[in-house]
Amino acid sequence: MKERIRELVKELNAIILAHNYQPPEIQDIADLCGDSLELSIRASQTDADIIVFCGVMFMAETASILSPEKTVLLPVHDAGCPMADMVEPGALKAKKEALGNPPVVTYVNSTAAVKALSDICCTSANVIDVVNSLDENEVLMTPDKNLAQYAAAHTDKTVHIWDGYCPFHNNLTREDVLQAKARHPQALFVAHPECPPEVLEMADAIRSTSGMIRFAGESDAASFILGTEVGLLYPISKAYPDKQFYETSDKMFCTDMKKIGLKDVLNSLDTLSGKVKVPEEIRKDAIRPVQRMIDLKL
Ligand code: 13P
Ligand code: SF4
């Protein structure tokens with residue numbers, strides 16, 4: 001299957017982009033694995049005709065927003081992100097108006113329709129710099145309350161917080177971290193900013209998924225407890241085979257990120273099924289905040 005997939009990629013002038021949480025066999029056949037920021041940048045720059053996105057719906061939608069002329073395929077169509085569905089355009093408009101129309105900073109983990117109502121996007125890798133890049137002193141951040149609180153702690157601006165969250169990161173507790181530290185007393189604890197503030201307080205470093213991989217390479221430490229989805233254990237262990245990596249808790253398992261298998265990628269390339277196309281009336285507004293973030297070159 002792997003060979004046939006790579007043959008089709010060549011024949012069709014396709015590219016396979018995979019998020020760091022994807023199953024190992026998917027990461028192994030991808031042209032690029034990365035965090036949301038790296039994958040969006042690559043989706044905006046590739047000259048491939050077809051982008052196969054191994055991730056979840058908001059990632060494929062972002063590729064379609066940036067490259068409307070390309071065919072974007074999400075091999076399993078119901079791979080979504082529960083956090084992205086925690087903000088709905090009507091409610092966002094109402095909240096923005098009630099606050100006196102501050103700029104809206106929207107995490108890329110959001111629907112295209114919500115992006116279309118936003119002023120700028122951010123990812124876990126650039127959130128603080130994105131917020132600080134704005135002229136206004138007040139912002140509304142959607143949909144992740146934990147990412148917003150993390151940004152609020154690192155800016156002088158007033159941050160209004162939407163009440164969304166990642167069900168897996170938000171579930172991590174101080175007790176989970178204490179237990180993991182007791183199991184691995186020498187290890188540093190590196191957390192994703194989608195974790196709650198009381199967990200982030202315990203972290204030696206706070207990073208995006210690819211930021212964690214870079215941190216492990218730069219650090220003198222030999223072992224790390226990862227405060228993020230368990231899928232990151234694969235690429236980080238592959239990058240640094242001489243170092244040790246541990247999950248904080250096995251409950252950090254995103255079922256949507258594990259839906260795509262090799263047979264789905266093969267079928268999608270073979271039949272061009274799983275097309276994701278953001279309608280033009282949404283895309284024309286949704287591209288502004290995404291491109292504005294990319295143009296900051298953070
Ligand atoms: P990253 O952009 O850090 O890879 O995070 C994406 C994500 O979905 C985290 O839950
Ligand atoms: Fe969404 Fe959380 Fe899964 Fe990331 S880990 S895709 S934020 S549900």
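Residue numbers start at 1 and run along the sequence shown. As the structure lists them, so they are numbered: ligands from 1, and atoms in each ligand from 1. Only a predicted model underlies this, so the values are computations on that prediction, with no experimental measurement involved.
Relative orientation of the His169 and His192 rings is tilted, given thresholds of 30° and 60° on the angle between their planes.
The backbone N or O of Glu138 lies less than 3.5 Å from no partner atom in the side chain of Glu136, so there is not a single donor-acceptor pair. At distances below 3.5 Å, at least one donor-acceptor pair connects side-chain atoms of Lys258 with backbone N or O atoms of Tyr21. When atom types are taken as modelled, the side chain of Ser110 and the backbone of Thr106 share no donor-acceptor pair closer than 3.5 angstrom.
A salt bridge is absent between Arg292 and Asp295; no separation between the charged side-chain nitrogens and carboxylate oxygens falls under 4.0 Å.
Within a 6.0 Å sphere centred on CD of Glu3, heavy atoms belonging to other residues, nucleotides or ligands number 12 at most.
For a distance threshold of 2.8 Å, the protein N, O or S atoms nearer than that to atom 3 (Fe) of ligand 2, listed by chain and number, are Cys254 SG.
A cation-pi contact, defined as under 6.0 Å to the ring centre and within 45° of the axis, is absent between Lys251 and Phe168.
With no hydrogens or angles considered, no side-chain donor-acceptor pair links Asp176 and Thr248 at under 3.5 Å.
Checked options Val9, Val52, Ile51, Thr46; the residue passing with Asp31 is Val9 (criterion: side chain to side chain contact (heavy atoms under 4.5 Å, CB included)).
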Contact table, ligand 1 N/O with protein N/O, distance under 3.5 Å:
unit_1   : atom_1 : unit_2 : atom_2 : d
ligand 1 : 2 (O)  : Ser36  : N      : 3.0
ligand 1 : 2 (O)  : Ser36  : OG     : 2.8
ligand 1 : 2 (O)  : Ser124 : OG     : 3.4
ligand 1 : 3 (O)  : Ser124 : OG     : 2.6
ligand 1 : 3 (O)  : His192 : NE2    : 2.8
ligand 1 : 3 (O)  : Thr209 : N      : 3.0
ligand 1 : 4 (O)  : His19  : NE2    : 2.6
ligand 1 : 4 (O)  : Thr209 : OG1    : 2.6
ligand 1 : 5 (O)  : His192 : NE2    : 3.3
ligand 1 : 8 (O)  : Asn109 : ND2    : 3.3
ligand 1 : 10 (O) : Tyr21  : OH     : 3.4
ligand 1 : 10 (O) : Glu194 : OE1    : 2.9
ligand 1 : 10 (O) : Glu194 : OE2    : 3.1

